[in-house]
Amino acid sequence: MIINFLFAAIKAGTPLLFGTSGEIMSEKSGNINLGVEGMMFMGAFMGFYAAYHTGSLALALLAAFAIGVFAALIYAVLTVSFMANQNVTGLTLTIFGTGVAKFFGEMMISKSGGSPKLSERFLASISEKPIPVLGDIPLLGKLLFSHNPLVYLSVIIAIICTIYMLKTRHGLNMRAVGENPGAADAAGVNVTLVKYVHILLGGGICALGGAYLSLINGGGIWNNSSVVNGQGWISVALVIFASWNPAKAIFGSLVFGAFSVLQFYVPKNIIVIPNAFYVMLPFIITTLVLIISSMRKSREGSQPAGCGVNYFREER
Amino acid sequence: MEQINHETMAIELKQITKTFGSVVANNKIDLSVKQGEILALLGENGSGKTTLMNMLSGIYRPDSGSIFINGAPVTINSPEDSIRLGVGMIHQHFKLVEALTATDNILLGSREKGIFLHKKRSEKIREISERFGLEVDPEKKIYQMSVSEKQTVEILKVLYRKADILILDEPTAVLTPQETTRLFEILRRMKQEGCAVIIITHKLNEVLEISDRVTILRKGESVATVTTAETNARELTELMVGRPVELAIHHLKTDFHENLLEVHHLSVADEEGFETLKDVSFDLNRGEILGVAGVAGSGQKELCEAIAGLLPLKKGAILYHNEDLAGKSPNEIIKMGISMSFIPEDRLGMGLAASMGMVDNMLLKKYNEGKGPFVSKKKARELAKKLVKQLDIVTPSVDTPVRRLSGGNVQKVLLGREIESEPNVLITAYAVRGLDINSSYTIYDLLNEQKKKGVGVLFIGEDLDVMLELCDRIMVLCHGKITGIVNAKEVTKEELGLLMTDASGKGGDAHEV
């Protein structure tokens, strides 16, 4: 029972982990991108569309990643090159991305004459399979090593992002740009390039989270109304919960995943709470996390100082 | 033009022009520095010193003119180009990432090979700092550092990149005299190693002490280059201002002997409970200028705010004519005749609304006089016009947003408004911050006038030379504690400097006072 619950929590947390890792990349380079929800939605559609037509998992992920990069490019051009307000641009991207994905989703539905469904062969490629040897470990094998391939991908990406950020030269330059672009610039770092690279990379990773939602959670059927459904926003909050560290986000996404699947594992005959409460739960927790972490005041685990502020070298 | 032949010029600027919109910041400026030479760049505020240097460091690009480095013509499009050419600049406002360690700040943006940062990278930095005799903990985060430590990191950054052209923009503005001496030793050592050094400063005595030659800028043009050994403070000031200036600060004697403000065992804590003022006691007399000296962030701001009623007191009492100010609102305190003008680094942050004109800024303090729900602009307008006339404020009109005025004029507006409310106690912090000599003297005169009227002035200052001449007594703050209240006539700058760093418990520097 508990193993099943945690297993489901990991599954539910995976799209959040993608979204959070992506957003951390963007914020660490000084750009708060509130378009995660929109980028995820576009990734969800693009991933599904590619899977529907090609039947290839690799192509589906590539397509999702590409559309995420494209969506983030819109954001990057507006905020980095044209100095538009980051919050407004991000919100607009969410509205835009959601709209565009639903529009094309509707087209796909009407073209297929009902509900588009992924092929059996494709579904087999993303099914949950125990990893040989490791999957045979009692309990742990089931809990950690019997997932669909995207779960491992999300964890690998989060770990790579963390090592990149904290241990490499480019990661150092990126953190400096996020904290104080003026100082990084004076030290010879190409601020514009660093910002572009990480916003685009972040967008691509976020969109992978969207692809996860449409391919895995959707059960192989495209459903226009409830694909992403606020997961992008929870990811943005998770960034704060994880104190801008993707490795900590692995744990954070597990916690939030657990809350979102809690309703299926609470013995209904003992505790009687309306289902709507469980649906609401992740958002309540999000609010609480935001309140608590806004009271926490440590220099290390806090938002990069240059986040949200556009940089213009010749400003006087 | 003096052109010393056959010695290699490290830097040569020819006919450099830079405009911002319609403002000409630099107009056909010529400048040269030899290898192994220290050049001082002198000029009033807005004369274009920093702009000129920013073109060497790649922040700005010149509109026209040419730059030669070690004899070869170069184009500097970005800080990256500048670093590659061996130019290192230490900006007035440090370019450091607060959340990172000293080491990571130094390594930032370096073009070394390898993807990963070395685990033992701090060791390497420690080696370099020891070789140059600089003391800094490479693993300390910048935000935990004092101002002089931050400057040391900036210098290390330049040394690490092996820059042979060093530019310092007002490096001593935030240092104690002892720290300044140490900085000058480092500069002299770099000079011996053949580096070219350009130092921007307001302080004439420092120019005379450290430089080989001086280039003077006035209103965006280079007016003269003189050899330091053949000049003096008077000549330099004349060149800078364009006419003779009386350099001595007038010191007034008053005869009041009345106690105005008494502060008893005052303690103030910040949000995290850290005491920013500890057990501060002093008194202020009528007709007295009491100076407050200290390294930046020693509690000056908190002291001002506590007296003005903006900060809650943790302990202690502030007595004004034997009435306790604790628990009174800022408005009540103003009505009692205590006035504060605090001029922060960005000058506009406190006291003035940048996008409003002088008239509206006068209203900020007068809005609740008069009857009815509407404010009357008439009186404010008259007052604004009076100040413009009295203090020679240069502004197109009294309705021009104050942010468009130059720094000196903004400060005159702020101080003028405070004085106009006829206070009995005038608190003024950094009144001459960033002001050129001329404007500074106007402000000193204003303060002396108040003193003559019997006002008690609390003068929070930065320049010890000025404070020694202007103030009657000087109180020294260090880490929120008073380390001494001394008679300005009987103390030396060095003694003040020791008081400023005293009680830090850092050891090493401990001297007897």
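Values below: every heavy atom of this structure, side chains too, minus hydrogens, waters and symmetry copies.
Residue B:Ile115 touches chain A through both its backbone and its side chain, counting heavy-atom pairs closer than 4.5 Å. In this structure, the portions of B:Ser78 lying under 4.5 Å from any heavy atom of chain A include both its backbone and its side chain. Both the backbone and the side chain of B:Ile59 come within contact range of chain A, each with at least one heavy atom under 4.5 Å from a heavy atom of that chain. For chain B, the nearby part of A:Leu166 is the backbone; its heavy atoms alone come within less than 4.5 Å. A:Ala305 does not touch chain B: none of its heavy atoms, backbone or side chain, sits under 4.5 Å away.
Heavy atoms only, all atoms of each residue included: A:Arg313 and B:Gly58 are closest at NH1-O, 3.5 Å. Across all their heavy atoms, B:Leu108 and A:Ala176 have their closest contact at CD1-CB, 3.2 Å.
With hydrogens and angles ignored, the 3.5 Å screen pairs a side-chain donor or acceptor of A:Arg169 with a backbone N or O of B:Gly114.
The 12-atom threshold is exceeded at OH of A:Tyr152, counting heavy atoms of other residues, nucleotides or ligands nearer than 6.0 Å.
Ranked by non-hydrogen atom pairs under 4.5 Å with chain B, the options A:Val194, A:Asp185, A:Leu172 are led by A:Leu172.
Along residues 78-93 of chain A, no residue comes nearer than 4.5 angstrom to chain B, judged on non-hydrogen atoms. Contacts between residues 156-165 of chain B and chain A, defined by a heavy-atom separation under 4.5 Å, are made by B:Arg161.
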